[in-house]
Amino acid sequence: MLCLGYRRWFIIDSCLCPETKKPIALSYLQGLGVDVSRDVIGILITHWHSDHIAGAYELLKACLKAKLHCSSALMSREAISIASLYKKDIFSNTDIEIREFSQIIKFLFETQDRDRLVLVKNRHAFFDYRQDVSTRLVALSPSDVATTQAIAKLATLKIKEGDQRVRNIVPENENLNAVVLHFTFGNLSVVLGADLEETGNPQTGWSAIFNSNIISELSLPVASLFKVSHHGSQTGHHDKIWQELLTEKPLSITTPYSRSHLPKTENIIRLKALSSYFLVTRDSKVSKKIKRDPMVERELKAIVKEKRTLNDKMGHIQIRIPLDGEFDISVNEHVIRYSGKNSIEN
Amino acid sequence: MSTAVAIPTQDSTYELLDQDRLNDFRYPEPNSARATMNSKINSALIEKPFLQRSANAYLSQGLDLNEPREEIKQQWSGVVTSIDINNLTVQLQDLTNPQNPNEIIVLSRDEIDNKDQSLIQVGAQFYWSIGYRQGIKYSKQRFSNIRFRRLPKWSAGEIKAAEILTGEYADFFLAD
């Protein structure tokens, strides 16, 4: 979440609290006493995966003044035709991302509020305030080619009578359609990498950003804070991110992706070396011992080849940017801190 | 030694009951021929109208002690997160103790029932229970039962309704 001053908030992506099943952003802002119906000016869904869209419908309903920003591929006829198939039924715990999107377009349609929807591609400016402090948010991706590819991929998923229902219909390469952001607040800048990955194709992924001349076109200052893309994975890396978009040794932060065990050890070593500090919102490797009936444990031992417990604690990193100083960072107890010199400091 | 068995003669009483066979346990109409006859034969028959066959069938099924009983110790719901030729990686949600965190485990494909092998794909959902099974004719044994969910195919009606909705949405959102 970005707080832009003057009681303006901008929410980037949505996910649910594992315990309450409520959108975390909503709980956090309401906990701070923010009037979300008035003070949230925008909600961005960087791409169509459940860990980025879950709860966005509830956010949209609560944040009455907020525009909903998403990639134009997500509002293509191909995407809408998939979402139109899904409604509340007995399989409602499947295809979370499609059902969430389906609820969003149904809500906007029923409220006849098309103007709340804003389609995004590279060079899109979300806002550019020139009051006391210059505050600007622009999109560095997706490229036109990435958007076209995403729509073409969605077209291949068109469902026909007699087709078997499949559970995970949104393709994994939807990450190439993710919205990367460049945020400027006064003299400090931030790059928010979303889940954008690099494939080697010069017209998609990170390469498209560096081949499009967008950095000089928009006079983007180098950033000293980087939300590392795609949970710190190797596929989220591009050398030019560190050479052209960021200052030397920036402060880097990321969120883990427990299913894929990201960031992996080699990712952490790389990111530590590139950063002054590297913060991860929680340690995905923590393996809590669960107490069970001994008989169940014996049976599991006989069947299971590998087993680990997911760390579902919610880490929180708060970074304040004083007008004339360095970052003021506060974290909660779940955040892991790696420094460029030492190993885990925690 | 011999055993004597009394066989009743075919008289009018039994003919009447046979005609009324479909309503063996129906309370007879007052003053009907059957009520009169029954009262002479066995008054208990008409004084207990609730002895119905369906109830007997239900009770006998529920109390069949010859079938093994299952004592479930642990249940999960799971979703397949990745697969390869030999194994599947799944994420488990504890249904027995919902406060427990989710777990990621790797299983051999051999652990999955042959009937469910074709359902193994990323995103597939299943239920898994572990427990004891035992009965009068069965020795106590552990069991582990993984059953994949079966989802119906998309119907013509669902596709048609979605197409209409897509048209309305696309017009409203000016989608290409």
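Reminder, nothing fancy here: chain letters follow the sequence lines and each chain counts from 1. Please read these numbers as outputs of a predicted model, since none were measured by experiment.
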Flag, side chain of B/Arg142 to backbone of A/Met295, donor-acceptor distance under 3.5 Å
no

A/Ile151 portion near chain B, given a 4.5 angstrom heavy-atom threshold:
neither

Which answer fits A/Leu117, side chain, backbone, both or neither, if we ask what part of it has an atom under 4.5 Å from a heavy atom of chain B?
side chain

Taking non-hydrogen atoms and a cut-off under 4.5 angstrom, which of residues 103-115 of chain B neighbour chain A?
B/Glu103, B/Ile104, B/Ile105, B/Val106, B/Leu107, B/Ser108, B/Glu111

Pairwise distance CG(A/Leu300) to CD(B/Gln74) - rounded to 0.5 angstrom
7.5 Å

Residues in residues 83-96 of chain B near chain A [non-hydrogen atoms, under 4.5 Å]
B/Asn87, B/Gln91, B/Asp94

Check whether A/Ile105 gets within reach of chain B through its side chain, its backbone, both or neither, counting any heavy atom under 4.5 Å.
both

Please state whether the side chain, the backbone, both or neither of A/Ser76 comes within less than 4.5 Å of a heavy atom of chain B.
backbone

Nearest heavy-atom pair of B/Lys153 and A/Gly162: which atoms, and what distance?
CD-O, 3.2 Å

Given the options B/Tyr169, B/Phe172, B/Tyr132, which has more heavy-atom pairs under 4.5 Å with chain A than any of the others?
B/Phe172

Heavy-atom closest contact (B/Pro101 atom, A/Thr309 atom, distance):
CG-CG2, 3.3 Å

Using heavy-atom distances under 4.5 Å, tell me whether A/Asp163 contacts chain B through its side chain, its backbone, both, or neither.
both

Pick from B/Asn100, B/Asn97, B/Asn102, B/Leu165: which one has the most heavy-atom pairs with chain A under 4.5 Å?
B/Asn102

Closest contact, heavy atoms only, A/Ser84 versus B/Ala162
CB-O, 3.6 Å

Does any backbone or side-chain atom of A/Asp113 lie under 4.5 Å from a heavy atom of chain B? Answer side chain, backbone, both or neither.
backbone

Which atom pair, heavy atoms only, marks the closest approach of B/Trp76 to A/Val296?
CH2-CG1, 4.1 Å

For B/Trp128 against A/Ile303, the heavy-atom pair lying closest together
CZ2-CD1, 4.0 Å

Could you tell me whether A/Arg114 sits above the aromatic face of B/Phe173, with NZ or CZ closer than 6.0 angstrom to the six-membered ring centre and within 45 degrees of the axis?
no

Inspect the surroundings of CD in A/Glu306 and state if more than 12 heavy atoms from other residues, nucleotides or ligands are less than 6.0 Å away.
no

Counting only heavy atoms closer than 4.5 Å, note whether B/Gln99 contacts chain A via side chain, backbone, both or neither.
neither

Most heavy-atom pairs under 4.5 angstrom with chain B, which of A/Arg77, A/Gln112, A/Arg292, A/His261?
A/Arg292

Highest number of heavy-atom pairs under 4.5 Å with chain B: which of A/Lys106, A/Glu161, A/Lys291?
A/Glu161

